[in-house]
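Scroll down for the structure; my scribbles are underneath it.
The basis for the numbers below is simple: all heavy atoms, side chains too, and nothing from hydrogens, waters or symmetry mates. Lettering of chains follows the sequences in order, A, B, ..., and the numbering in each one begins at 1.
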Amino acid sequence: MKQSPLVQQLIDAFTCLPGVGPKSAQRMTYYLLERHRQGGEQLAQALLAAMAGVGQCQQCRNFAEQEVCPVCADTRRDASVVCVVASPADVLAFEQAGGYNGRYFVLMGHLSPIDGIGPEEIGLPLLQEQLASNAITEVILATSSTVEGEVTAHYILEMCQAKGVEVSRLAQGVPVGGELEFVSGATLAQALSERRKI
Amino acid sequence: MWKNPNKLQLAWVLHRRPYQDTGLILELFTSQHGRTGAVMRGGRKHQLLQPFQPLLVELAGHGDLLRLQQCEAASPPVPLIKQQLYCGIYLNELLVRMLFRHDKQPRLLAAYADALQAISQDAVAMDVVLRRFELLLLAELGYAVEFTLDAQAQPIQSARRYRWQGENGWLLSAEGWLGAHLLAIAEEQWTPEVRRCARDIMRTILAPHLGSKPLRSRSLFQTFK
């Protein structure tokens with residue numbers, strides 16, 4: 001049976017979501033049409049508003065509705081310390097963990113030459129500009145501990161060293177509340193080689 | 001427990017990208033299948049599935065995209081740091097772009113492991129390791145480069161200049177590279193000048209094999225001022 005054009009259009013539109021295939025899209029469409037029209041309208045309005053209204057912060061590249069995001073605009077925060085993270089979700093994780101009072105720089109990905117993602121694609125020219133303006137005294141590298149993350153971290157490290165900016169990297173080792181027995185060999189080796197005097 | 005220990009094979013991850021929520025689509029360089037694609041559900045939780053980590057894997061299915069059933073470490077990962085990582089990434093990109101799928105390349109697989117080790121040990125200059133690997137890669141794919149004879153099968157003369165022409169070989173040319181440098185590459189006499197020259201030569205020779213898109217990893221090697 002052929003769907004009516006508008007229904008089919010909605011089903012096709014839902015498949016743009018990650019993990020949603022034609023079957024799930026169809027289920028979502030029928031659910032909204034049959035039982036939750038009001039929710040569907042809210043979803044449509046929220047989507048439209050977000051797509052039109054959300055851009056990128058001109059300082060940290062995080063999603064923002066104004067030119068500068070609330071974190072960068074907050075004058076109580078230390079603008080000279082910048083924590084480099086891969087995604088907006090990482091910013092949220094740091095904010096929820098608390099204890100950090102500097103700014104962020106969101107790469108929106110990692111360096112991955114095979115995928116065609118080079119320094120420009122992750123906004124490093126903007127970071128370069130900020131380093132050149134001498135407003136930054138410390139950069140904290142908080143990319144993930146994968147090969148792509150390491151490559152990205154090293155690339156940014158070279159950038160910072162050329163400008164004489166202090167760089168630090170998140171500590172790597174045994175997770176808080178973790179039992180040694182279940183920690184992976186590589187993590188344990190790293191934790192041992194970077195042990196700290198107390 | 002291994003489902004079928006006979007099917008174990010050595011594999012290196014050349015590239016990984018996310019698939020659905022927690023899965024991975026991998027580009028592997030394996031002993032039995034050569035370069036192949038493989039998918040693993042829940043693979044992102046697997047800390048082992050990283051480039052430069054020798055793996056023992058069991059692959060199932062057929063076609064371009066196999067299923068990675070199980071994997072474990074064959075030996076500890078090659079500890080690449082700093083600039084060495086760029087070299088490793090460059091080798092991976094080169095293999096992904098140059099190798100045909102399901103073309104067994106046992107010598108190349110061994111050479112790849114050796115090259116990564118050599119880069120991590122820092123005993124030989126990194127660019128020399130890359131040049132040797134590039135030459136072996138071309139030779140194994142059937143495009144061996146001869147540095148001692150020109151296109152007419154005459155010996156390369158050290159005082160004359162040559163340019164590279166893909167199908168024929170070295171042709172005399174006033175604008176080209178010095179014959180002495182070509183001979184030095186053949187004899188592996190890596191002075192700084194020869195190394196610079198070899199880099200440019202290999203770039204020219206590899207270009208037609210890579211198509212219109214240049215290798216992106218090269219952009220990592222820039223220096224900052």
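In this structure, B:Arg216 pairs ionically with A:Glu121, as a charged nitrogen and a carboxylate oxygen lie closer than 4.0 Å.
The backbone N or O of A:Tyr155 sits less than 3.5 Å from a side-chain atom of B:Tyr86, completing a donor-acceptor pair.
Considering CG of B:Leu85 and OG1 of A:Thr152, their distance stands at 10.0 Å, rounded to 0.5 Å. In this structure, A:His154 NE2 and B:Ile81 CD1 are separated by 8.5 Å, a value rounded to the nearest 0.5 Å. Between atom CD of residue B:Gln83 and atom CD of residue A:Glu158 there is a gap of 4.5 Å, rounded to the nearest 0.5 Å. Between the CD1 atom in A:Ile114 and the CG atom in B:Leu14 there is a gap of 7.0 Å [rounded to 0.5 Å].
Other residues, nucleotides and ligands place no more than 12 heavy atoms under 6.0 Å from the CD atom of A:Glu65.
Looking at B:Phe52, the atoms closer than 4.5 Å to chain A (heavy atoms on both sides) all sit in the side chain, from C-beta outward.
Taking every heavy atom of both residues into account, A:Pro113 and B:Ser217 meet most closely at CB-N, 3.5 Å. Nearest heavy-atom pair across B:His15 and A:Asp115 is NE2-OD1, 2.8 Å.
Below 4.5 Å, heavy atoms of chain A meet heavy atoms from B:Asn92, B:Glu93, B:Val96, all part of residues 92-105 of chain B.
Ranking A:Gly116, A:Ser112, A:Gly118, A:Gly19 against chain B, the residue ahead of the rest is A:Gly116, based on heavy-atom pairs under 4.5 Å.
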